[in-house]
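Single-structure report; data block below.
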Amino acid sequence: MKRTKIEQLMAFEVPAERILVKGWVRTKRDSKTFSFLEINDGSCLANLQVVADEKLPNYEEIRKLTTGASVAVEGAVVPSQGSGQQWELQAAVVTLVGAAPESFPLQKKRHSDEFLRGIAHLRARTNKYSAAFRIRSELALAVHRFFHERGFRYIHTPILTASDCEGAGELFRVTTLPPGERLLENDFFGVESNLTVSGQLEAEMLATALGDVYTFGPTFRAENSNTRRHAAEFWMIEPEMAFCDLQEDMDLAEEMIKYLANHVIDHCADDLNLFARFVDKNLMAQLGVLTGSAFERIPYAEAIRILEKSGASFEYPVAYGTDMQSEHERFLTEHHFKKPVMVYDFPKTIKPFYMRMNDDGQTVASMDVLVAGIGEIIGGSQREERYDMLATRMDQMGLSKEKYWWYLESRLYGSVPHSGFGLGFERLVMMVTGISNIRDVIPFPRTPKNIEF
RNA sequence: UCCCCGAUAGCUCAAUCGGCAGAGCGGGUGGCUGUUAACCACUAGGCUGUAGGUUCAAGUCCUACUCGGGGAGCCA
């Protein structure tokens with residue numbers, strides 16, 4: 001008999017004579033002559049209540065089942081006599097698939113996130129983490145749907161690269177040299193190579209061929225960051241659009257965030273409800289603001305003026321020409337505007353070489369999207385498409401035009417205005433679930449000194 | 001990397017001024033009950049993160065280290 005997933009069973013409209021369910025025991029309650037088993041198979045948040053009667057030939061064994069054991073149950077789906085669930089499974093056959101000794105660390109009680117991080121191989125069996133990873137899966141699907149519906153092509157950019165100065169942080173070296181060997185010409189690629197910190201430069205090449213493209217893949221940063229919103233390995237979504245200016249870039253960023261949030265609201269109601277009840281009481285209100293209001297758009301210079309006139313006391317001074325600190329970003333999005341804010345046209349001195357120079361010669365066509373609780377969730381820009389201007393900027397910032405010859409050359413042949421941005425996928429999952437630590441939205445997170453699982 | 005906080009039973013946490021190491025949950029045993037964070041009784045479970053130091057006496061005070069959390073920087 002083919003097994004029925006609990007998610008499907010919960011949607012039954014009429015009883016069923018015989019079905020097969022397989023899953024893990026979440027808890028067991030014993031009566032005098034029978035036992036209730038709560039079975040979860042990961043297909044949804046809900047458990048299935050199984051009624052196992054003492055007449056079953058292996059009832060002695062069932063009586064000894066503990067939390068964590070895996071079982072297969074065959075029986076009839078009937079309306080539940082108790083309240084709390086519509087259906088229950090009247091067991092005809094209960095088979096123990098894998099026992100769980102009393103050392104099983106997950107109990108039917110609340111555990112701390114810190115404890116669960118130490119048992120990452122088991123924590124997905126809890127309500128909170130299975131819900132988080134189901135939402136993560138659903139969000140990934142929604143990303144592809146969003147772009148597909150708009151005629152974007154999904155492209156795969158290299159994970160191994162020789163780029164070493166894209167201005168996006170420290171790099172993980174990749175080598176096949178034995179320890180101690182230092183001769184780069186003997187290395188696999190013959191040059192220094194690293195894990196990618198961004199697929200943007202390659203995505204630009206594809207955008208100027210396919211039109212609208214996006215990447216969605218792993219990204220690696222060797223920064224020694226110890227915060228709740230940084231990981232050494234994370235997934236990034238990077239759309240890149242030909243014939244697109246900064247305004248259109250911001251339009252897409254706003255539309256995308258709203259689309260993704262709405263998708264989860266529409267498709268993950270049960271899982272989302274868990275987070276709204278137990279993780280972040282303000283979650284639904286936050287998502288309402290996110291999906292229901294136009295994002296504020298202000299130039300960097302105006303953001304600085306607002307901060308200067310705010311009267312708020314900041315630990316770090318507000319000054320034109322410097323990067324905004326976390327506290328400044330939080331003030332803008334959480335206190336001043338109370339909704340997502342897009343800051344654009346940053347001074348050229350604090351942004352990378354590839355961003356398009358504005359007519360004022362001082363600012364570049366860049367933008368950050370700031371949201372409450374997370375901070376910067378998107379960073380993007382219109383790219384410098386003018387060959388001479390790009391070459392000048394590379395010289396000014398000390399980049400090798402020889403090494404990036406192909407990037408520069410793309411501006412020589414049919415160059416077009418184009419724009420794109422990077423969206424941190426994990427920060428998106430955090431935003432939608434209210435989970436406050438990035439380590440809890442990645443099944444097996446990689447952070448400094450943490451690669452055990 | 002810097003600043004702050006923490007580490008006590010399998011888990012979540014108590015332990016007053018430095019004075020006998022505690023509870024709930026989970027485990028085991030027995031009871032009760034169409035139960036649903038089930039309930040009731042009994043029971044086992046500890047080198048208080050590691051290494052030093054102060055003291056008649058350290059979970060508690062001091063030093064170093066390890067691990068964890070929060071904040072900052074870097075960014076997505």
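To find a chain, count down the sequence lines: A is the first, B the second, and so on, and within it residues start at 1.
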Verify the contact: side-chain N or O of [X] to OP1 or OP2 of [N], cut-off strictly under 4.0 Å; return yes or no.
X	N	value
Arg228(A)	rG70(B)	no
Arg117(A)	rG69(B)	yes
Thr227(A)	rG70(B)	no

> Using the rule for Phe, Tyr, His and the six-membered ring of Trp, do Phe234(A) and rA76(B) stack at under 5.5 Å and under 30°?
Replying inline: yes
[N] base to [X] side chain: any donor-acceptor pair below 3.5 Å?
X	N	result
Gln107(A)	rG26(B)	no
His111(A)	rC11(B)	no
Glu88(A)	rU36(B)	no
Arg229(A)	rA76(B)	no
Asn226(A)	rU1(B)	yes
Gln49(A)	rU35(B)	yes
Ser225(A)	rC74(B)	yes
Glu114(A)	rG6(B)	no
Arg427(A)	rC75(B)	yes

Atom [atom1] of [X] to atom [atom2] of [N]: distance rounded to whole Å?
X	N	atom1	atom2	value
Phe220(A)	rA76(B)	CZ	C1'	14 Å
Met324(A)	rG73(B)	CE	P	12 Å
Met430(A)	rC75(B)	CE	P	18 Å
Phe36(A)	rC39(B)	CZ	P	15 Å
Arg277(A)	rA37(B)	CZ	C1'	12 Å
Glu327(A)	rC3(B)	CD	P	19 Å
Arg63(A)	rU33(B)	CZ	P	12 Å

Over all heavy atoms of both residues, which pair between [X] and [Y] is shortest? Give the atoms and the distance, please.
X	Y	value
Pro340(A)	Thr333(A)	CA-OG1, 3.9 Å
Arg383(A)	Gly420(A)	NH2-C, 3.2 Å
Ile378(A)	Ala253(A)	CD1-CB, 3.9 Å

Within the structure shown, what part of the strands sits under 4.0 Å from [X] by heavy-atom distance: base, sugar-phosphate, or nothing?
X	result
Gln85(A)	base
Gly82(A)	base
Phe34(A)	base

From the options [options], select the nucleotide whose nearest atom is closest to the side chain of [X].
X	options	result
Arg29(A)	rA72(B), rU35(B), rA76(B)	rU35(B)
Gln81(A)	rG34(B), rG69(B), rU33(B)	rG34(B)
Asn224(A)	rG69(B), rA76(B), rU1(B)	rU1(B)

>> When you measure from the centre of the six-membered ring of Tyr259(A), is the NZ or CZ of Arg150(A) closer than 6.0 Å and no more than 45° off the axis?
In response: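 Judged by the rule (NZ or CZ under 6.0 Å from the ring centre, within 45° of its axis), Arg150(A) counts as positioned above Tyr259(A).
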> So is Arg145(A) actually on top of Phe147(A)'s ring, under 6.0 Å and inside 45° of the axis?
Replying inline: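 Not flagged: Arg145(A) not positioned over aromatic ring of Phe147(A).
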> When you look at Tyr154(A) and Tyr214(A), which way does the ring-ring contact (aromatic ring centres under 6.0 Å, His included) test go after all the steps?
Replying inline: CA-CA 5 Å; Tyr154(A) 176 37; Tyr214(A) 70 103; 5.2 Å; yes
